[in-house]
There are 2 protein chains.
Amino acid sequence: MNKMHKEHNLTKNQKIIFDLIDKSPQPLKAYSILYNVQKKGIKAPLQVYRALDKLVEIGKIHKIESRNAFIACHNSNCQVAKATAFSICEICEKVTEISSAGLSKYLANFKDKDGMKYSKYNLEFFGLCKKCTLK
Amino acid sequence: MNKMHKEHNLTKNQKIIFDLIDKSPQPLKAYSILYNVQKKGIKAPLQVYRALDKLVEIGKIHKIESRNAFIACHNSNCQVAKATAFSICEICEKVTEISSAGLSKYLANFKDKDGMKYSKYNLEFFGLCKKCTLK
DNA sequence: TACATAATGTTATATTATAACAATAACTAA
DNA sequence: TTAGTTATTGTTATAATATAACATTATGTA
């Protein structure tokens, strides 16, 4: 099987949960996912969390830490969840993955005073989206 | 009272909880704070969370979102919690607030493709601290 | 004073996440 | 193709994180 197409390797539960998140316009929370997949035989929180953990690990989804919610990766750059940036509207809670070569480059090369080199980062911007600004 | 010295305005509970966090070398979790202040008369989670919320709001402490933990602000720039950056060691869990003028400037001025302007951000870098790199 | 606002105390409950263990499926190497 | 290994699943129970609702007290302010 072609290893470049990771989605083909998803297991049944992982696929059910990824499809749900991928179709959703906004991030989904774990228990909201659970309620939505119970008719498909996924009955317990742990089944959801395990699939989520795996999907995050392989970079198919990202966790929005400030919201405890999960969103599908729409950035072809991040096959692995090691460099993520999001914008979050504080009114409508719309979340968008930021895909900026400049930002990625700046952060990937950032070194702090101690010379600590980072293997991963997550950045969350907060503000008002265009729609909510106009209201 | 001098409004420039916000710490003087802390209430009893806020002061107890801030002092505990401020003395701690690593971020503290809400329930660990609760256990530590029960002898001082703070008995319920809500009393802790309310103080934490206020302390975050006025910028005396920051929440490390990926860890659900709280750390005192050691950056004179952020009187208000609107622009935060941390480094987190994935082995020893040591957390350090990053104070880089370049980084702050870059992120404060960052605009995404939609022209959305941000009022706030939180950045968490992950990697190994110096000690843990040598092990 | 009287009013408004913020903080507190308290009980109950909601939400998010993991431990522990048994069973099954998929992968790997002799 | 069999045995060993690793990943995934199913299940019950429970831990950890956080908020709702309401009564009370303290503080700030006109």
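Sequence lines set the chain letters: A, B, ... in the order given, protein chains first and strands last, and positions in each chain run from 1.
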**Q** Whole Å only: how far is the CG atom of A:Leu34 from the P atom of D:dT11?
**A** 13 Å
**Q** Rounded to whole angstrom units, what separation is found between the CG atom of B:Leu28 and the C1' atom of D:dA16?
**A** 16 Å
**Q** Nearest whole Å is fine: how far is C:dA6 P from B:Ile58 CD1?
**A** 14 Å
**Q** Nearest nucleotide by nearest heavy atom, which residue falls closer to the 5' end of DNA chain C, B:Gln47 or A:Lys29?
**A** B:Gln47
**Q** What about A:Tyr31: does its side chain form a donor-acceptor pair under 3.5 Å with the base of C:dA17?
**A** yes
**Q** Answer yes if the side chains of B:Asn122 and B:Glu124 hold a donor-acceptor pair under 3.5 Å, and no otherwise.
**A** yes
**Q** Counting just side-chain N and O atoms, does B:Thr11 come under 4.0 Å of either OP1 or OP2 of C:dA6?
**A** no
**Q** Grab the CZ-P distance between A:Arg50 and D:dT8 for me, whole Å please.
**A** 10 Å
**Q** Measure NZ/A:Lys54 against P/D:dT6 and give the value in whole Å, please.
**A** 14 Å
**Q** From OH of B:Tyr49 over to C1' of C:dT8, roughly how many Å is that when rounded to an integer?
**A** 18 Å
**Q** Between D:dT17, D:dA20, C:dA20, which nucleotide gets closest to the side-chain atoms of B:Leu46?
**A** D:dA20
**Q** Can you tell me which nucleotide in C:dT10, D:dT19, C:dA17 comes closest to the side chain of A:Asn68?
**A** C:dA17
**Q** Please walk me through it: do A:Phe125 and B:Phe110 pass ring pair (Phe, Tyr, Trp, His ring centres under 6.0 Å)?
**A** CA-CA 10 Å; A:Phe125 280 108; B:Phe110 181 78; 5.4 Å; yes
**Q** In whole angstroms, how far is the P atom of D:dT8 from the CG atom of A:Asp53?
**A** 11 Å
**Q** Start with the C-alpha distance between B:Lys15 and B:Asp19, add both sets of side-chain angles, then the distance that settles salt bridge (Lys or Arg N to Asp or Glu O under 4.0 Å), and finish with yes or no.
**A** CA-CA 6 Å; B:Lys15 190 152 187 9; B:Asp19 285 347; 3.2 Å; yes
**Q** Going through the checks in order, is the side-chain contact (heavy atoms from CB on, under 4.5 Å) test met by A:Ile61 and A:Phe70?
**A** CA-CA 7 Å; A:Ile61 65 172; A:Phe70 300 86; 3.9 Å; yes
**Q** Would you tell me whether B:Ser66 and A:Glu65 have side-chain atoms, one donor and one acceptor, within less than 3.5 Å of each other?
**A** no
**Q** Rounding to an integer number of Å, can you tell me how far B:Lys12 NZ sits from D:dT25 C1'?
**A** 12 Å
**Q** Looking only at the side chain of B:Lys63 (C-beta and beyond, no hydrogens), which of the listed nucleotides D:dA18, C:dT16, C:dG9 gets closest?
**A** D:dA18
